[in-house]
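Encoded as structure tokens, the structure appears first; notes follow it.
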Amino acid sequence: MASLEDIKSDSRRYGPFAFIATTGSDGEPHLAPVAVNWIGDQIAAFVLSSSRKVRNVRQNPRATVHFSVSESTKWDSCIVWGEARIADTTAERVELWDKMGYDLKAFEPGGPESDNHVFLLIDPVRATILRTYGMAGRDTWRRP
């Protein structure tokens with residue numbers, strides 16, 4: 001059984017981009033590429049306030065993050081399932097603003113005071129590391 005630290009360490013091998021899957025009240029899945037970063041024990045993404053991801057999370061807080069499979073990772077991948085929430089107050093945006101690992105002003109020139117962007121935060125509840133698409137094994141973690 002892997003630890004959450006193992007999951008965080010492994011997921012960083014894949015770089016700062018991942019796919020976040022959400023589902024709204026209509027049951028229709030939505031998958032979107034995003035830049036992510038671990039902030040403490042949460043996965044964070046900086047997204048448009050008006051995005052479907054945000055609408056979906058407000059209706060259904062379950063989300064999945066898939067760190068991409070590629071030849072550079074020997075076809076390994078990491079999938080994290082969790083409970084999502086939207087950090088949309090000015091105070092929350094100010095607190096998280098400098099923690100994403102890139103300059104958010106490139107996407108939001110108005111800074112953390114602007115309501116155009118929010119942070120999508122995911123608290124992991126379980127995760128799987130698949131080695132070579134799972135053919136070379138898997139490591140799993142569950143929140144105690």
Side-chain angles (χ1 to χ4, degrees), residues 1-131 133-134 138-144:
M1 182 82 110
S3 70
L4 182 56
E5 290 305 314
D6 294 332
I7 299 300
K8 289 163 60 174
S9 176
D10 190 78
S11 68
R12 287 183 177 111
R13 288 192 310 131
Y14 307 98
F17 302 107
F19 291 90
I20 292 183
T22 59
T23 305
S25 61
D26 62 359
E28 190 69 29
H30 175 67
L31 183 68
V34 294
V36 297
N37 195 24
W38 286 93
I39 299 176
D41 288 342
Q42 295 180 315
I43 298 172
F46 186 64
V47 298
L48 278 168
S49 301
S50 61
S51 72
R52 186 168 175 191
K53 293 176 290 302
V54 171
R55 286 193 311 274
N56 284 353
V57 166
R58 290 191 193 283
Q59 297 170 3
N60 178 353
R62 294 177 20 195
T64 303
V65 180
H66 184 218
F67 293 88
S68 298
V69 175
S70 75
E71 187 174 4
S72 68
T73 64
K74 299 180 183 172
W75 308 112
D76 294 351
S77 67
C78 182
I79 305 167
V80 179
W81 293 265
E83 298 293 324
R85 72 177 185 87
I86 305 302
D88 59 358
T89 67
T90 298
E92 289 172 311
R93 288 190 301 264
V94 166
E95 179 184 340
L96 297 167
W97 188 258
D98 293 323
K99 297 181 179 174
M100 287 302 295
Y102 63 95
D103 184 6
L104 300 181
K105 282 199 173 202
F107 298 94
E108 182 49 71
E113 292 78 16
S114 172
D115 289 331
N116 293 326
H117 284 80
V118 295
F119 289 89
L120 190 156
L121 301 172
I122 299 169
D123 288 309
V125 295
R126 67 185 175 104
T128 299
I129 300 168
L130 298 171
R131 309 281 179 214
Y133 291 109
R138 66 179 59 215
D139 296 311
T140 60
W141 169 84
R142 283 194 179 275
R143 181 169 54 197

To the nearest 0.5 Å, how far apart are CD1 in I86 and OG in S49?
9.0 Å
Can you confirm whether more than 12 heavy atoms, excluding those of R12, are under 6.0 Å from its CZ atom?
yes
Who are the side chain to side chain contact (heavy atoms under 4.5 Å, CB included) partners of S3, not counting sequence neighbours?
E5, D6
About how many Å separate CG of L96 and CG of L121, when rounded to the nearest 0.5 Å?
5.5 Å
Do you see a donor-acceptor pair shorter than 3.5 Å between the side chains of S68 and S70?
no
Yes or no on side chain to side chain contact (heavy atoms under 4.5 Å, CB included) for R131 and D139, after CA distance, side-chain angles and deciding distance?
CA-CA 8 Å; R131 309 281 179 214; D139 296 311; 2.9 Å; yes
With sequence neighbours left out, which residue pairs that include part of residues 19-28 fulfil the salt bridge (Lys or Arg N to Asp or Glu O under 4.0 Å) condition?
none
If you round to the nearest 0.5 Å, how far is CG of L4 from CZ of R142?
14.0 Å
Please tabulate, one pair per line, all N/O donor-acceptor pairs under 3.5 Å involving side-chain atoms of residues 74-82, not counting sequence neighbours.
residue	atom	partner	partner atom	Å
D76	OD1	T132	N	2.7
D76	OD2	R13	NH2	2.9

Donor-acceptor list for residues 106-119 side chains, cut-off 3.5 Å, not counting sequence neighbours:
residue	atom	partner	partner atom	Å
E108	OE1	S114	OG	3.4
E108	OE1	H117	ND1	2.7
E108	OE2	G110	N	3.0
E108	OE2	S114	OG	3.2
S114	OG	N116	N	3.1
S114	OG	N116	ND2	3.2
D115	OD1	R93	NH2	2.8

Whether E83 side chain and R62 backbone form a donor-acceptor pair below 3.5 Å:
no
So which heavy atom on T73 is nearest to which on Y14, and how close?
CG2-CD2, 3.3 Å
Run the side-chain donor-acceptor check on residues 29-42: report pairs under 3.5 Å with partners two or more places apart or on a different chain.
residue	atom	partner	partner atom	Å
N37	ND2	K99	O	2.7
W38	NE1	S11	OG	2.7
D41	OD1	K8	NZ	2.8
Q42	NE2	D123	OD1	2.8
Q42	NE2	D123	OD2	3.4

Which distance, rounded to the nearest 0.5 Å, do you find between the CG of L130 and the CG of D10?
10.0 Å
So how far is it from S51 OG to L120 CG, rounded to the nearest 0.5 Å?
7.5 Å
Any salt bridge (Lys or Arg N to Asp or Glu O under 4.0 Å) involving residues 46-61? Give me the pairs, sequence neighbours left out, ordered by first then second residue.
R58-D88
Considering non-hydrogen atoms only, spot the tightest contact between P124 and I122 and give its length.
CD-O, 3.4 Å
I would like to know whether F67 and I7 meet side chain to side chain contact (heavy atoms under 4.5 Å, CB included); could you show each step before the answer?
CA-CA 11 Å; F67 293 88; I7 299 300; over 6 Å; no
